[in-house]
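By convention in this document, chain letters (A, B, ...) are assigned in the order of the sequence lines, proteins followed by strands, and residues within each chain are numbered from 1. All of these numbers come straight from a predicted model, not from anything done at the bench.
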Amino acid sequence: MNKRERRRLRLGLAFTGLWIVGIGTFTAWPVIASLYYSFCDYSILKAPVWSGLENYRELIHDDLFWKSLRNTLFYAGLSVPLGTVVALSLALLLNCEVRGRSLFRLFFYLPSIVPMVASAMLWLWIFNGQFGLLNWALAPLLAPFGLHPPAWLVDPLWAKPALVIMSLWGVGNAMVIYLAGLQDVPRELYEAASIDGATGWRKFWHVTLPLLAPVIYFNLIMALISSLQIFTQAYIMSEAANGNGTVSDGNPARSTLFYTIYLFTVAFYDLRMGYASAMAYVLFLITVLLTWLATRAARSRLQHLN
Amino acid sequence: MNPHTRLGRFVIYALLVGLSLVFAMPFVWLVSTSLKPIDQTMSLPLTFIPRAYYAEIDGQQREVTLDFTVAQPGVVAEISAGPEAGHRVFLSDDQLARRSADVRVLHRVQPGWWHVTVRINSTRVVHPGEAADPGTAGPAPWDLVPRSSIDSHVRFRWRNYPEALATIGGDPGTPGSAAALNHVSFWVFLANSLTVCVLGVLGTVFSNSIVAYGFARLRWPGRDAFFAVTLATMMVPFPALMVPLYGIFKMLHMVGTLQPLWLPTFFGSAFNIFLMRQFFLTIPEELSEAARIDGCSEWRIFLRVILPLSKPVLVVAALFHFLFAWNDFLGPLLYLSRKQTFTLSLALQSYESQTGGVQWHYLMAASAVTILPVVVLFLFTQRFFVQGIATTGTKG
Amino acid sequence: MLAACCLSALALVTGGVRARADTVSPDGKVHVTYWDKWISGYEGTAIETTVAAFNHSQARIVVDYYITSQIDRKTIIATAGGDPPDIAGLWAQNVSTFADAEALTPLDSFIEKGGLTKEQWLSRYYPVFARICQHGGHVYAGISTPATMALYWNKTMFREAGLDPDRPPRTLAEFNDDCRRLTRRDPKTGALAQVGFLPQEPGWWPWAFCCWFGGSMFDGHSVTLATNPHNVEAMRWMQGFTSQNGLSDVKTFSSYFGPWASPTAPFFTGKLAMVIQGVWYDGYIAQYKPGLDYGVGPWPEAVPGVRDFGMAEADILTIPRGARNPGAAWEFIKYVNSSNPQARTRDELQGAELLDFLQEKLSPLRVWSPYFAQHHPNAHIAVFRKLAESPHIVCIPDMGTWWEYYREILSAFDKVRLLEATPEQALAYSQERLDESWARYRLSLERHGQAANVAAITPP
């Protein structure tokens, strides 16, 4: 490296110095430490003792680990596609030249910036089996068929779908992104397609979707990563709706025992930080894997479309 | 559907209006519940508009709560003998037939009549042995009356809001009592939240702008590799960092304070670096070149040339972080144990688990209070929000 | 920009300073931070009164009481963070776990400094409460409020069903019979209108029902959840309530239950005729449903010959490791775990009896003062006292993994009562998990040089 380059390097490091400290202290070190702890028997008040692969071996045999993983994937598998479809549909509607677009956008976007705790309280109340808004609306619709609306958060079958419904309320963020993406599509392409005789649906499929594809893929990945880490609403709602006054164990019947909740329980109630670190690492690897897979799929699809 | 035909446009508007109503309904319900007295939150059938009800009990027009309806005809009677003498009971016709000896019939009751109880207007918790309605002995007076004789008008219970805020930090108790000393005022929670948010915003704007400048406006060996690593860190889930981060803050003696919640923002964050770098890249290189020719150091160029032009992205980053810090729950849950240090989100959650039974009207009022600043902030800064989201989401 | 830097630096520095709490205040007294869970209501007022009485009784120490929710998790976090409270009011099930995690200061030396041996100190309690305070051969806790559980029944509902309201069921057979007669359906819809008993209300103690049938959780060495046939029998009995009444009927019916301590609790609103609840329930009935006509009595006889089965729990006081004022903390714990055995008036009540009088619970000490015994506000206290004295009373086992065990039992109970598994299947599943976790826990203790804790487990 010559003198000029060295000078430039120094300058670059000077400006990014804060971030070097930041990434080192708050990301790199914890990631490495997590790895170390995952091979240890570490209870927060006693020194960590090396235990080799014991935590990982136990993880494979731990039924609750798999259950929490299944619960999380179930939730992600429902909320991410449904959320994308809803967000995209709303964006398509708003993209038509409607008057008062910013007002509609307000209604759709606001729920996504509300504090999750407040949101959880509100939906806890809405899902109440007896006095809740949802069942009040559903009961007359189901009555002619002789059905009852479900008890939502106290019914193991319906607790996760309830959380999915709640997540759909917050698609405003993705909707705005899709709307911006839609507005980036050049007019001329639509006009050209019309000249070629394409109708609305074909225009969507052949013009809109391919151009929007990168945006959709990016947001799908972000949504996936974030839904894998679901914690706050599940923590609050399962504890409250099934309150034994004890720690949230994904009640009822562990149907809302999500990955991060189980991790939190193991770390701060069972005081097994080593095991929790192993779980955290597995989550990290799963996230990386899914991101890589999604990116590859996206890239090949994009190439194919272009 | 074709947006260019009349029918198409009608359908689109209808869908938009309908969906807006669906999305807005939870908010409406939130506000509606927050303005009701407790008994109306848990009465069937559901009502949206809180009302005050009046009925005649013992010859006096009193404010009452509607409890339930009776399904069978019967009588309201007073027991005239035995250990329950003086008690007023409802008896169905066959029960009356069995007990006609020791009761005195007051009046008949038809099916569908409402059981109403005199409203007790206090938020005070009734202690064992105390009368529920101070001033009278025993439980509150009640009666069974026909629906038609109940008057009502709309009344919003605005008192729920100050009462909820007064109790969110615990029972206020009487001044000077131990309960009062234990009580944490809502303003303390608000101050804690604001501290974390404001300091976090300062840190975010300060550190990320500097770092993003280094990535966007300077060329140096290893820059792109470092940036790729930066992006990669966005994939690390917070749980993977949770336990060691806790250990770091424990070493720094910061566990139990608000510092872990805002201190890291002074050292950059991958998302904001990405956001600001995107923006800095759009500023023409000529401006920097001209300043360099004039002999300015990079730091001066940053301060005098780039920053003034970057107000939009700085505002967006500030807004996003403010929102994140205001809404954050897992962070406070992890580090804070003393109630005086709680942020609003944690206070709201502990409020819910406070008493034996959830007081929905108070809980909804408190929730509304935590939501309101966010709504107000959004209404004033919509433009920035939308722009910011679009920039991150579409260029990703 | 410069201003921002300065502000941040200032915040950094002062934030660090603010983290430390002062213990010796300008008034020259030692301030003891005491965290406990008692919230508003009569239980909260009682603890505040007791703290005030202690502060009044001497001039050196002032106890500051802070209401803390999720106190077990918060105590661990604070202890790990190096800034624990001086006294943490935990639950009985936390003793073994926290002691093994080295989160608690043993109280043995404090007891001995006061002139008593450990055995003398512990002999003042009812045996079941003495068991709760110990782990690994040491005393780690004092009792703040004890509780025993009994059968509550709704006399009005008994009367309506044609049963004698003053005679609760005495045997399990009578209990089952009474339940059948107390279960009613709406004649029009066929839905359940009232049920005699449902084990999921409040649903905190499925393990106690297992012990009631003669089962056990732990024999001192290994987990006996699935290996003891009485546990299976008990689970089958609990499942019976759902299978006899119909799963969807019970689900719909229980979705109308309000929380156990609120005006809409099923026992208060005529939905359940009988419930097993603790000594605290009297106070809640008076608060939320005054005028309810109910009775309190002992558990029916499930194992032939055992007429005085009971179950005990306690809220405890501990001194976390690293507390700044352990000596002063001990003074308060000692106060709350002693009493004036000759008290003849309300003002003469002290310590345990003062607290338990105000919380309307029993005293953990064997000797009761005349005033406490005769003027207790809880009309049924004699029932609870008798249960505490019984040789057949059970409490949770002295296991460091009890928290995990408890969650497993709750999960097995959920499966069983929702008819998702047979009792054998549910218990076998949990047994396997618990065997592994107990083996792992013992291995971990050995690794950390704490094998002695396992060897000295207090026998059940």
Query raised in the report: Hey, mind stepping through B:F378 and A:V114 against side chain to side chain contact (heavy atoms under 4.5 Å, CB included) and telling me if it holds?
Result: CA-CA 10 Å; B:F378 177 69; A:V114 159; over 6 Å; no

Query raised in the report: With side chains defined as the heavy atoms from C-beta onward, is the minimum distance between A:I126 and B:P26 less than 4.5 Å?
Result: yes

Report task. Give the minimum heavy-atom separation between A:L18 and B:V211, together with the two atoms involved. Result -> CB-CG2, 4.4 Å

Query raised in the report: Looking at CE of A:M273 and CE of B:M242, how far apart are the two atoms once the value is rounded to the nearest 0.5 Å?
Result: 8.5 Å

**Report entry** Option in B:W326, B:F226, B:F324 with maximal non-hydrogen atom pairs under 4.5 Å from chain A
**Finding:** B:F226

Requested in this report: Answer with side chain, backbone, both or neither: which region of B:L30 has an atom nearer than 4.5 Å to a non-hydrogen atom of chain A?
Outcome: both

Query raised in the report: Side-chain contact, heavy-atom cut-off 4.5 Å: B:V236 with A:F284?
Result: yes

Query raised in the report: Using non-hydrogen atoms only, which part of B:M235 is less than 4.5 Å away from chain A: side chain, backbone, both, or neither?
Result: both

Query raised in the report: Given a strict heavy-atom distance threshold of 4.5 Å, which part of B:L344 is in contact with chain A: side chain, backbone, both, or neither?
Result: neither

Query - Which portion of A:I113 sits near chain B, non-hydrogen atoms under 4.5 angstrom - result: both

Query - Segment of B:F249 engaging chain A (4.5 angstrom heavy-atom cut-off) - result: side chain

Query raised in the report: B:P239 and A:Q229: which non-hydrogen atoms are nearest, and at how many Å?
Result: CD-OE1, 3.7 Å

Query - chain A contact via B:L19 - side chain, backbone, both or neither, heavy atoms under 4.5 Å - result: both

**Report entry** Most contacts with chain B, counted as non-hydrogen pairs under 4.5 angstrom, among A:A33, A:G17, A:A28, A:P111
**Finding:** A:P111

**Report entry** Proximal component of A:Y109, with respect to chain B [non-hydrogen, under 4.5 Å]
**Finding:** side chain

Query raised in the report: Should the heavy atoms of other residues, nucleotides or ligands under 6.0 Å from CZ of B:R292 be counted, would the total exceed 12?
Result: yes

**Report entry** Pick from A:Y36, A:W29, A:W125 with the largest number of heavy-atom pairs that fall under 4.5 Å of chain B
**Finding:** A:W125

Query - Proximity breakdown for B:L323 and chain A, heavy-atom pairs closer than 4.5 Å - result: side chain

Query raised in the report: Atom CG in A:L122, atom OG1 in B:T33: separation rounded to 0.5 Å?
Result: 8.0 Å

Query raised in the report: With sequence neighbours left out, what residues match A:F268 under ring pair (Phe, Tyr, Trp, His ring centres under 6.0 Å)?
Result: A:F264, B:Y246

**Report entry** chain A contact via B:V369 - side chain, backbone, both or neither, heavy atoms under 4.5 Å
**Finding:** neither

Requested in this report: Would you mind checking which part of A:L179 comes under 4.5 Å of any heavy atom in chain B, side chain (CB onward), backbone (N, CA, C, O), both or neither?
Outcome: neither

Query raised in the report: So which of B:S345, B:S367, B:P237, B:G268 has the biggest tally of heavy-atom pairs under 4.5 Å with chain A?
Result: B:P237

Query - B:V374 versus chain A, the contacting section by heavy-atom distance below 4.5 Å - result: both

Query raised in the report: So do B:F238 and A:L283 actually touch side chain to side chain, heavy atoms under 4.5 Å?
Result: no

Report task. Identify which part of A:L133 has an atom lying under 4.5 Å from any heavy atom of chain B, answering side chain, backbone, both or neither. Result -> both

Requested in this report: Quick one: list whatever passes ring pair (Phe, Tyr, Trp, His ring centres under 6.0 Å) with A:F127, sequence neighbours left out.
Outcome: A:W123, A:W152

Report summary line: When the 4.5 angstrom heavy-atom criterion is applied to B:M234 and chain A, the contacting part is neither

**Report entry** Region of B:S269 in contact with chain A, defined by heavy-atom distances below 4.5 Å
**Finding:** backbone

**Report entry** Side chain, backbone, both or neither of A:R99 within contact of chain B (heavy atoms, under 4.5 Å)
**Finding:** both

Query raised in the report: Under a 4.5 Å heavy-atom cutoff, which of B:V229, B:L346, B:L334 has the most pairs with chain A?
Result: B:L334

Report task. Start with the C-alpha distance between B:W220 and A:L11, add both sets of side-chain angles, then the distance that settles side chain to side chain contact (heavy atoms under 4.5 Å, CB included), and finish with yes or no. Result -> CA-CA 8 Å; B:W220 40 283; A:L11 204 53; over 6 Å; no

Report task. Any chance you could measure A:F107, atom CZ, to B:F27, atom CZ, to the nearest 0.5 Å? Result -> 10.0 Å

Report task. First locate atom OG of A:S119, then atom CZ of B:F329, and finally report the distance between them rounded to the nearest 0.5 Å. Result -> 13.0 Å

Query raised in the report: Where on B:A232 is there a heavy atom nearer than 4.5 Å to chain A: the side chain, the backbone, both, or neither?
Result: neither

Query raised in the report: Can any side-chain N or O of A:S34 pair as donor or acceptor with the backbone N or O of B:A240 at less than 3.5 Å?
Result: yes

Query - Partner chain B: residue of A:I216, A:T287, A:L110, A:I23 with the largest heavy-atom pair count (under 4.5 Å) - result: A:L110

**Report entry** Between B:R217, B:R219, B:R223, the one whose heavy-atom pairs under 4.5 Å with chain A are most numerous
**Finding:** B:R219

Requested in this report: Kindly indicate whether the side chain of B:Y351, heavy atoms from C-beta on, has any atom under 4.5 Å from the side chain of A:M121.
Outcome: no

Requested in this report: Check whether A:F26 gets within reach of chain B through its side chain, its backbone, both or neither, counting any heavy atom under 4.5 Å.
Outcome: both

Requested in this report: Please round to the nearest 0.5 Å and tell me the distance separating atom CZ of A:F15 and atom OH of B:Y213.
Outcome: 5.5 Å

Report summary line: Bottom line for A:Y37: the part with an atom under 4.5 Å from chain B's heavy atoms is side chain

Report task. State whether the number of non-hydrogen atoms from other residues, nucleotides or ligands found under 6.0 Å of B:F48 atom CZ is greater than 12. Result -> yes

**Report entry** chain A interface, residue from B:S207, B:A212, B:A270, B:G222 that has the most non-hydrogen pairs under 4.5 Å
**Finding:** B:A270

Query raised in the report: By a 4.5 Å heavy-atom criterion (distance strictly below it), what part of B:L379 contacts chain A: side chain, backbone, both, or neither?
Result: side chain

Query - Interface residue of largest heavy-atom contact number with chain A, from B:L377, B:I371, B:V22, under 4.5 Å - result: B:I371

Query raised in the report: What are the two closest non-hydrogen atoms of A:F104 and B:S20, and how far apart are they?
Result: CD2-OG, 3.0 Å

Query - Side-chain donor or acceptor of A:W19 paired with backbone N/O of B:N208 under 3.5 Å - result: no

Query raised in the report: Between atom OG1 of A:T27 and atom CG of B:L245, what is the distance when rounded to the nearest 0.5 Å?
Result: 8.0 Å

